[in-house]
There are 2 protein chains.
Amino acid sequence: MKPKLNDVAQLAGVSVTTVSRVINDHGYLSERTKQKVFAAMRELHYQPNNMARSLQGKNTQLVGLIFSDISNPFFAELVSRIEKILFAKNYKVILCNSADDPQKERDYLQMLMANQVDGIIAGAHNLGIEEYKQYGLPIISFDRYLSDNVPIVSSDNFNGGWLAAQTLQQAGADKIAIFTGKSHAGSPTNGRREGYEAYLTQHGLTPHVHELPFELSPALKTMEIRTILENHDYNGVFCSDDLTALLTANVAQQLKLTIPTELRLVGYDGTALIRNYHPNLTTIEQPLADISTLLVSLLLQRIADANCKLEAKYTLPVKLIKGTTA
Amino acid sequence: MKPKLNDVAQLAGVSVTTVSRVINDHGYLSERTKQKVFAAMRELHYQPNNMARSLQGKNTQLVGLIFSDISNPFFAELVSRIEKILFAKNYKVILCNSADDPQKERDYLQMLMANQVDGIIAGAHNLGIEEYKQYGLPIISFDRYLSDNVPIVSSDNFNGGWLAAQTLQQAGADKIAIFTGKSHAGSPTNGRREGYEAYLTQHGLTPHVHELPFELSPALKTMEIRTILENHDYNGVFCSDDLTALLTANVAQQLKLTIPTELRLVGYDGTALIRNYHPNLTTIEQPLADISTLLVSLLLQRIADANCKLEAKYTLPVKLIKGTTA
DNA sequence: AGTTGTATGTCAAACGTTTATCATTTTTAT
DNA sequence: ATAAAAATGATAAACGTTTGACATACAACT
């Protein structure tokens, strides 16, 4: 069987109390006993049982991460960063792919509660989850409204949309469309569209909004995009995420539209993946490092003090990544 | 405070024993009491404390996932799939990004032990982790040798390399290089190189092996590739992963090498991401769905019966995805 | 009538750890 | 030598749940 506190105590020739004191650095302890105990722990490969510890009242040092799907590179990078930061602070991460399914999201919430997580970072795309309120658990949200007392961290979507439109115009485009996700209240892509629209109308251009349902498969999305590009003579397109921008670039190639002379293209997100493997793509970069750091930092504050006052919304600046597509 | 078993019992007007019986479906129970208890649980938003349950002997239903870095799309997709399958089977996932750092990997192992996970699926890239042996925990490995009693699931790397070489030759290439990771014993990319070499030598061609250190940044890798392509007149390149293939394609474009007429290109992995967003890339697809299913299935077998006999190695077939680059 | 099966209850031990209390011993300082 | 401080131990309660032992009650069969 696995070694337990008692076994360590026996091997070290001390009492359980002392071993526990050593582990928790509690009360008076001589250097000599500490060493004896550590030696015994090493020899037995002893690992304190976290279940028992947290039953006692200790934190579980577990954090739940709810995102729609980490096979999306944007979330993959975000989750990867968050995990790294949390691990460095001695927290572990329980991963939840909600797949944008409200029921799954609810199930995940239940499960995380049952596992006594110390807090949750959520960045899924569903809305109307009333449940987030009732659990008196520290929660921080990424780029999405969950409930009144849940702080939101996001990048400056409005300015991002504005910047994208500006970039397209300054690159010579004057018939500029936006390809974005279905807009429901609270969705982050709304801000991007609004920024885009604001820039265009302020500069005497007409916005052309095309909503591509988020859940569409890439193949279907490609078809839609092809139809759109064939039936309008846009010379500039702002895609509200980089993956859609890639699809658009593919379609442009099929249609023999040269980029950027005939069609200018701007994406959104600017993950490391895109910057590294598609350096040509002009895009709006979300500051993923800062976002991750802030998300974690806010969560830990809430965990340390459940009532600590936090802002309702934290907006981080975006950055234009100038490629060759616009 | 959070509701506990006792509160549910009081509200339902039954004993704690009965509530516990309902939850665990244990012993005789009338439909009426069951309903009463469920109603009370719902009303209180009761969630059994998993810490207490597992202390008492129940499984934690937690599985540790150790991968080098999920910001790599290949691992992102793999982890995403594994998580989905496990969630459907009522398991939760603790995510570990080992970053190919043996010390981090050791720390993660310790942590997972401390959290009483029921098992581990590991697909990191380090070797020589003796620790995997001593923990008497069900472990399944993806594409990597860990220890004698740890079953390995992998795709048919040798055949993949063979197929890639064959595809390049049949597309008209006769000076065919391979860009692969540093080869250390046990690394999966070795098989791919061996398959490539075997095909070439058997067909009277000379293998040209270029090892690009795995940890090189994409920018440095790009420089390396550029140097290589400038100094040799290869007309076919097999990259042992798709991301390197993308870099190679970028470099080819810079050097005005047309693909596939002047340079033929084959990648490896064939994630959904690549298939969806780079449908042109000819690549060798690893069966990620089958791999995930098998990894989980083997792990659950081991969890159910720690001594169940499993094969040392499970090799799944790969598939050529014919694009336009070779 | 007695037997059996079903349904519930009471009680207490157990899981592995933490922590408080009280007691005791050893060390150090004066 | 004496007091104070430091180091350890023994004991037990607590965390929330499961589970077994045992008791009781009521129904439905013979």
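Hydrogens, waters and symmetry mates play no part in the numbers below; they use all other heavy atoms, side chains included. Keep in mind that what you see is a predicted model, and the values were worked out from it rather than measured.
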Under 4.0 Å between any heavy atoms, over every strand shown, what does [X] touch: base, sugar-phosphate, or nothing? Just pick one.
X     : answer
A:N6  : nothing
A:T18 : sugar-phosphate
B:V16 : nothing
A:S20 : base

To the nearest Å, how far apart are [X] [atom1] and [N] [atom2]?
X     : N      : atom1 : atom2 : answer
A:L55 : D:dT17 : CG    : C1'   : 8 Å
A:Q35 : D:dA7  : CD    : P     : 14 Å
A:L44 : C:dG16 : CG    : C1'   : 15 Å
A:N24 : C:dT17 : CG    : P     : 11 Å
A:L29 : D:dA6  : CG    : P     : 12 Å
B:L5  : C:dA14 : CG    : P     : 20 Å
B:K2  : D:dT17 : NZ    : C1'   : 14 Å
B:N49 : D:dT17 : CG    : P     : 6 Å

With a 4.0 Å cutoff (strictly under), does any side-chain N or O of [X] reach OP1 or OP2 of [N]?
X     : N      : answer
A:Y28 : D:dG9  : no
A:T33 : D:dT8  : yes
B:Y46 : D:dT17 : yes
B:K34 : C:dA7  : no
A:K58 : D:dC15 : no
B:T17 : D:dT18 : no

Reported [atom1]-to-[atom2] distance for the pair [X] and [Y], which is rounded to 0.5 angstrom:
X      : Y      : atom1 : atom2 : result
B:I94  : B:T60  : CD1   : OG1   : 7.5 Å
B:I23  : B:Y46  : CD1   : OH    : 4.5 Å
A:T271 : A:L288 : OG1   : CG    : 7.5 Å

Q) Starting at the 5' end of DNA chain C, which residue's closest nucleotide do you reach first, B:S30 or B:G57? A)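 Counting from the 5' end, the first nearest nucleotide belongs to B:S30.
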
Q.
Would you call the rings of B:F142 and B:F67 parallel, tilted or perpendicular, taking 30° and 60° as the class edges?
A.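 B:F142 and B:F67: tilted rings.
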
Q) Do B:S54 and C:dC15 have a side chain to base donor-acceptor pair shorter than 3.5 Å? A)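 Counting by modelled atom types and ignoring angles, no donor-acceptor contact under 3.5 Å is found here.
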
Q. Quick one: the side chain of B:Q56 and the base of C:dC15, do they pair up donor-acceptor inside 3.5 Å?
A.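 Result: no qualifying N/O pair found.
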
Minimum-distance nucleotide to [X] side chain [options: [options]]:
X     : options               : result
B:H26 : D:dG9, D:dT17, D:dG20 : D:dG20
B:I23 : C:dT18, D:dT18, C:dG9 : D:dT18
B:R53 : C:dT19, D:dT17, C:dG9 : D:dT17

Q. Is the side chain of B:S98 donor-acceptor paired with the backbone N or O of B:D101 at a distance under 3.5 Å, no angle test?
A.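 Pair absent, no side-chain N/O of B:S98 close to backbone of B:D101.
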
Q | Residues B:K2 and B:D7 bridged, charged N to O under 4.0 Å | A |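 No, no charged N to carboxylate O under 4.0 Å.
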
Q.
Assuming nearest nucleotide by heavy-atom distance, tell me which of B:R21 and B:M51 is located more 5' along DNA chain D.
A.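 Looking at the nearest nucleotide for each, B:M51 comes out on the 5' side.
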
